[in-house]
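These notes concern the structure reproduced below.
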Amino acid sequence: MPELPEVETVRMQLQRKVVGKTVADVEVFHAKSVDNNSNIEDQLRGKTISDVDRIGKLMIFSFVDEDDLFLLAHLKMTGQFFYIDKTGKTIGGGHSATAGDTELPTKHTRVTFHFTDRTSLHFNDMRIFGYVKVATANEVRTARARFGPEPISPDFDCSWFHKKLNKRKTPIKAALLDQTFIAGLGNIYVDEALWRAKVRPTRRSDKLTKKEAAALCAAAGDVMNESIAVGGTTFQHFVDTGGANGNFSDYLKVFGQQGKACERCGKIIKKIRCAGRGTHYCTGCQK
DNA sequence: GAGAGTGTTGTAAC
DNA sequence: GGTTACAACACTCT
């Protein structure tokens, strides 16, 4: 479920909580979640976390005095981190309600990191698409190279963006979801950014005007920055399966709003399938 | 209770 | 090479 704003929120929380902690032990409940690495315990035991970085939706842990040892973490659709301090209090890597009321590890806990100060970090992942895996410096370089620039980066270049779009014949939605082109947008925020920019998801990328590209560029950055500011809204939707309450529904203008009236023009929001994904747009003001 | 749908992405196939 | 379709998996909703 997480997109860049959620991953960034989690990263900031982890940065505060686990940097400086030394790994005492690693418990693996599901081998696939560590990429079938059978000795992740031995590789990480005694290592002290020095930083938590991020590229796109991929988190990168580095360790003190280790140039060639990293831990990559990808949440994919359902991954979550939960940090437990000495008192057993849960500090959610997203939302405390999921595990806060339950003893960790839960049945969805795939990996637990125990630190020497008796705190711990749990990696939960219902669908087992996500992973935490040990990587070399070279693997980290390769991983970083796969990502395009992020719309929230201060030096994101809108004219470069427009030029690149001109070479693509896919629906604009597919282009925006391509992490090697621009990093960080997922299905929800793509729909939201397109609504803000008044561009239909199905429009061919190379048919966008310079003005539309600029609007989209700004919309993508805004939508993500605003979401980071409120701590990653989509987490709430996932946790609160009731769905329609909380600030989540207030925030989203089109995603999941099919059948409702567009807040900008009053026309009906439609849901279609585009780029293989559920796609929402306003039939009135998105051209 | 069966079947479709789900916010990701690497890979295989066209 | 550019694009699309699908698989990986477990759960919820219809």
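Just so we're on the same page: letters track the sequence lines, and every chain starts at 1.
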A:Cys158 and A:Cys217 SG atoms under 2.5 angstrom apart: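 Looking at A:Cys158 and A:Cys217, their sulfur gamma atoms lie closer than 2.5 Å, so the answer is yes.
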Rounded [atom1] spacing from [N] to [M] in Å:
N     : M     : atom1 : value
C:dC6 : B:dA4 : C1'   : 16 Å
C:dG1 : B:dT9 : P     : 23 Å
B:dG7 : C:dT3 : P     : 22 Å

Secondary-structure string, 5' to 3', Watson-Crick or G-U under 3.5 Å, | for another-strand partners, for DNA chain B: .|||||.|||||||
Flag for A:Asn124-A:His108: side-chain donor and acceptor within less than 3.5 Å: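 No donor-acceptor contact under 3.5 Å links the two side chains.
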Modelled atom types, side-chain donor and acceptor of A:Asp155 and A:Ser153, under 3.5 Å: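 Yes, a side-chain donor-acceptor pair sits under 3.5 Å.
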A:Asp191 bridged to A:Lys173 by N-O distance under 4.0 Å: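 So A:Asp191 pairs with A:Lys173 through a salt bridge.
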Residues A:Arg168 and A:Asp178 bridged, charged N to O under 4.0 Å: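 A salt bridge links A:Arg168 with A:Asp178.
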Compare the minimum distances between each of [options] and the side chain of [X], then state the nucleotide with the smallest one.
X        : options              : answer
A:Thr170 : B:dG7, C:dT3, C:dC9  : C:dT3
A:Arg110 : C:dA10, C:dT4, B:dG5 : C:dA10
A:Ile128 : C:dT4, C:dT3, C:dC9  : C:dC9
A:His108 : B:dG5, C:dA10, C:dC9 : C:dA10
A:Met126 : C:dT4, C:dA10, B:dG7 : C:dA10
A:Pro171 : C:dC9, B:dT6, C:dT4  : C:dT4

Hydrophobic cluster identity match, A:Val52 and A:Tyr131, side-chain contacts under 4.5 Å: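 Hydrophobic grouping puts A:Val52 apart from A:Tyr131.
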Residue pairs, two or more places apart or on separate chains, that pass disulfide bond (SG atoms under 2.5 Å apart) and touch residues 105-154 of chain A: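 Applying disulfide bond (SG atoms under 2.5 Å apart) to every pair that reaches into residues 105-154 of chain A, excluding sequence neighbours, yields nothing.
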C:dA7 OP1/OP2 closer than 4.0 Å to side-chain N/O of A:Arg127: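 False: A:Arg127 side-chain N/O out of range (4.0 Å or more) of C:dA7 OP1/OP2.
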A:Lys173 vs C:dT3: side-chain N/O to OP1/OP2 distance below 4.0 Å: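 No.
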Protein proximity profile, nucleotides 9-14 of chain B - base contact B, sugar-phosphate-only contact S, no contact -, cut-off 4.0 Å on heavy atoms: BS----
Candidate pair A:Asp35 and A:Lys32, rule salt bridge (Lys or Arg N to Asp or Glu O under 4.0 Å), full reasoning: CA-CA 5 Å; A:Asp35 200 27; A:Lys32 268 198 84 169; over 6 Å; no
